[in-house]
Amino acid sequence: MILITGGAGYIGAHVAVEWMDRGEDVLILDNLCNSERSAIERISTLAGRPPGFVYGDVRNRRLLDTLLRDYPIDAVVHCAGLKAVGESVREPLRYYDTNVGGSVVLCQAMAQAGVFRLVFSSSATVYGDCTRMPISETCTTGQPTNPYGMSKLMCENVMKSVAGSDPRWSIGLLRYFNPIGAHASGLLGEAPTSTPNNLLPYLLQVASGERQALSVYGRDYPTPDGTGVRDYIHVVDLAQGHTCALDALRERRGISVWNLGTGRGYSVLEVINAFEKVTGVPIPMTFEPRRPGDIACCWADPRKSLEELGWQARHSLESMLTDAWRWQCNQHRHEKIRQAN
Ligand code: NAD
Ligand code: WQD
């Protein structure tokens with residue numbers, strides 16, 4: 001059985017479905033601060049049986065000790081954390097407490113329970129403003145421009161030290177590029193609780209008429225069309241990267257770092273055009289100045305993940321956008337039904 005912290009969230013829920021699809025068991029620990037209990041029901045529907053679910057906080061050492069004692073957990077996927085960049089600037093202590101503090105407590109409880117296999121949700125943000133593309137795992141980590149990114153780098157450093165202190169640890173740091181998309185069933189996806197900061201969730205709300213226009217931040221970057229370029233990766237591909245990492249870590253000790261990206265970058269305008277093409281829905285937009293802290297380009301060199309995990313992303317940008325739109329339309333329908341009642 002694996003424990004997934006933050007397993008009711010966008011990425012953790014997809015990891016749960018992937019792992020359960022293999023006939024394995026999952027226990028989810030989540031305090032639902034950025035997700036809803038209905039995610040657990042949706043995971044059950046997709047997996048054909050319910051995952052274990054415990055409502056609670058990953059910083060709660062006593063709770064973790066109990067879970068690690070009472071359930072046959074042999075690995076942990078640590079997705080629980082706060083992820084809004086702007087919010088992290090306003091509330092840095094909450095971010096360090098949850099993200100760094102949560103990771104420290106989790107590692108302590110795991111070590112005490114004798115569970116040493118850990119997969120961590122890291123981020124390409126730890127590379128900072130790396131200018132050489134594509135970014136491989138050997139690129140030095142940079143100086144993230146916000147407390148969120150800093151907290152991810154700190155977590156990585158905590159885990160590196162922990163792995164160095166005891167040879168029984170097997171830790172995989174998964175550096176996600178830009179996860180988007182949704183489960184093809186339309187049952188699982190990203191459900192922002194406040195105004196979205198990221199491109200795709202915002203674009204989806206413009207497409208469904210909840211917001212008027214998409215602001216395109218910066219058209220003067222040194223990129224082919226002047227807008228920022230990112231490596232968007234389908235969340236189901238990303239989830240499969242976790243199952244491959246969990247398998248690989250059975251045979252590896254110490255720290256392993258893997259990029260989870262496609263190796264291909266798309267500009268903001270390319271994403272908008274592709275979305276309009278696959279859905280037929282026009283996206284009104286305005287050009288705005290660059291967003292502070294943004295970099296021009298960021299895409300992965302995914303070769304190490306292919307060589308060591310046998311993993312590579314398979315979904316095209318078009319399929320990411322189609323799946324994301326299906327999810328958004330379902331959400332919208334449910335919201336209307338809820339309001340009507
Ligand atoms: P999410 O907010 O959808 O999921 C995180 C989950 O963790 C939520 O269900 C939330 O309720 C839970 N959680 C938060 N604090 C908790 C706590 N103290 N105790 C227990 N549960 C807690 O976010 P996501 O997109 O699924 O991201 C998952 C992880 O991946 C995060 O650590 C995030 O930093 C990282 N990440 C995300 C992205 C992205 O673009 N989505 C990119 C890189 C890395
Ligand atoms: C993508 C591109 C924007 C919104 C962030 C975090 C990173 C990681 C993923 C967690 C950029 C442009 C965006 C909008 C726009 N998260 N954009 N209008 O900035 O690459 O990464 O999410 O780890 O840490 O920093 O993703 O989706 O915000 O932006 O033009 O309304 O879209 O300028 O070029 P980003 P994003």
So, taking the atom named [atom1] in [X] and the one named [atom2] in [Y], what distance separates them when rounded to the nearest 0.5 Å?
X: L3; Y: D74; atom1: CG; atom2: CG; value: 11.0 Å
X: I180; Y: L203; atom1: CD1; atom2: CG; value: 9.5 Å
X: L82; Y: E91; atom1: CG; atom2: CD; value: 8.5 Å
X: E156; Y: I171; atom1: CD; atom2: CD1; value: 11.0 Å
X: F120; Y: H242; atom1: CZ; atom2: NE2; value: 10.0 Å
X: E41; Y: E36; atom1: CD; atom2: CD; value: 10.0 Å

Is it true that a side-chain atom of [X] and a backbone atom of [Y] form a donor plus acceptor pair closer than 3.5 Å?
X: W311; Y: D237; result: yes
X: R168; Y: A111; result: no
X: Y176; Y: V235; result: no
X: T141; Y: V126; result: no
X: H234; Y: R314; result: no
X: Y148; Y: V89; result: no
X: K152; Y: N99; result: no
X: D231; Y: T262; result: yes
X: K304; Y: V257; result: yes
X: N146; Y: G149; result: yes

Shortest non-hydrogen contact from [X] toward [Y]:
X: E318; Y: A274; result: OE2-CB, 4.2 Å
X: G189; Y: A182; result: CA-CB, 4.0 Å
X: E18; Y: A239; result: CG-CB, 3.6 Å
X: S256; Y: L249; result: OG-CD2, 4.3 Å
X: I283; Y: E276; result: N-OE2, 2.7 Å

Candidate pair V58 and V105, rule side-chain contact (heavy atoms from CB on, under 4.5 Å), full reasoning: CA-CA 8 Å; V58 73; V105 173; over 6 Å; no

Taking the side chain as every heavy atom from C-beta outward, state whether [X] and [Y] have any atom pair closer than 4.5 Å.
X: P196; Y: Q205; value: yes
X: E137; Y: Y127; value: yes
X: M154; Y: V104; value: no
X: I40; Y: D30; value: no
X: L200; Y: E190; value: no
X: I2; Y: R117; value: no
X: L64; Y: L29; value: yes
X: Q240; Y: H14; value: no

Please indicate whether [X] has more than 12 foreign heavy atoms, meaning atoms of other residues, nucleotides or ligands, lying under 6.0 Å from its [atom1].
X: R219; atom1: CZ; answer: no
X: R132; atom1: CZ; answer: no
X: R303; atom1: CZ; answer: no
X: Y55; atom1: OH; answer: no
X: R49; atom1: CZ; answer: yes

Under a 3.5 Å cutoff, is there a donor and acceptor pairing between the side chains of S305 and N259?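 On atom types as modelled, these side chains do not qualify, holding no pair under 3.5 Å.
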
Among C155, S103, C107, find the one that has a side-chain contact (heavy atoms from CB on, under 4.5 Å) with H78.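 One option only clears the test, and that one is S103.
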
Between N330 and L187, is a side-chain contact (heavy atoms from CB on, under 4.5 Å) present by the stated rule, with each step listed? CA-CA 8 Å; N330 276 352; L187 281 181; 5.6 Å; no

Reference residue F275; test ring-ring contact (aromatic ring centres under 6.0 Å, His included); the match among Y202, Y266, Y232, W325: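 By the ring-ring contact (aromatic ring centres under 6.0 Å, His included) criterion, F275 pairs with just one of Y202, Y266, Y232, W325: W325.
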
Between R94 and D97, does at least one N-O distance fall below 4.0 Å, as a salt bridge requires?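 A salt bridge is absent here (no side-chain N lies under 4.0 Å from a carboxylate O).
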
One pair to check against side-chain contact (heavy atoms from CB on, under 4.5 Å): S122 and L174. What are the steps and the verdict? CA-CA 5 Å; S122 190; L174 301 187; 5.8 Å; no

Output, in order, the C-alpha distance, side-chain angles, deciding distance and verdict of side-chain contact (heavy atoms from CB on, under 4.5 Å) for V268 and V271. CA-CA 5 Å; V268 176; V271 171; 5.8 Å; no

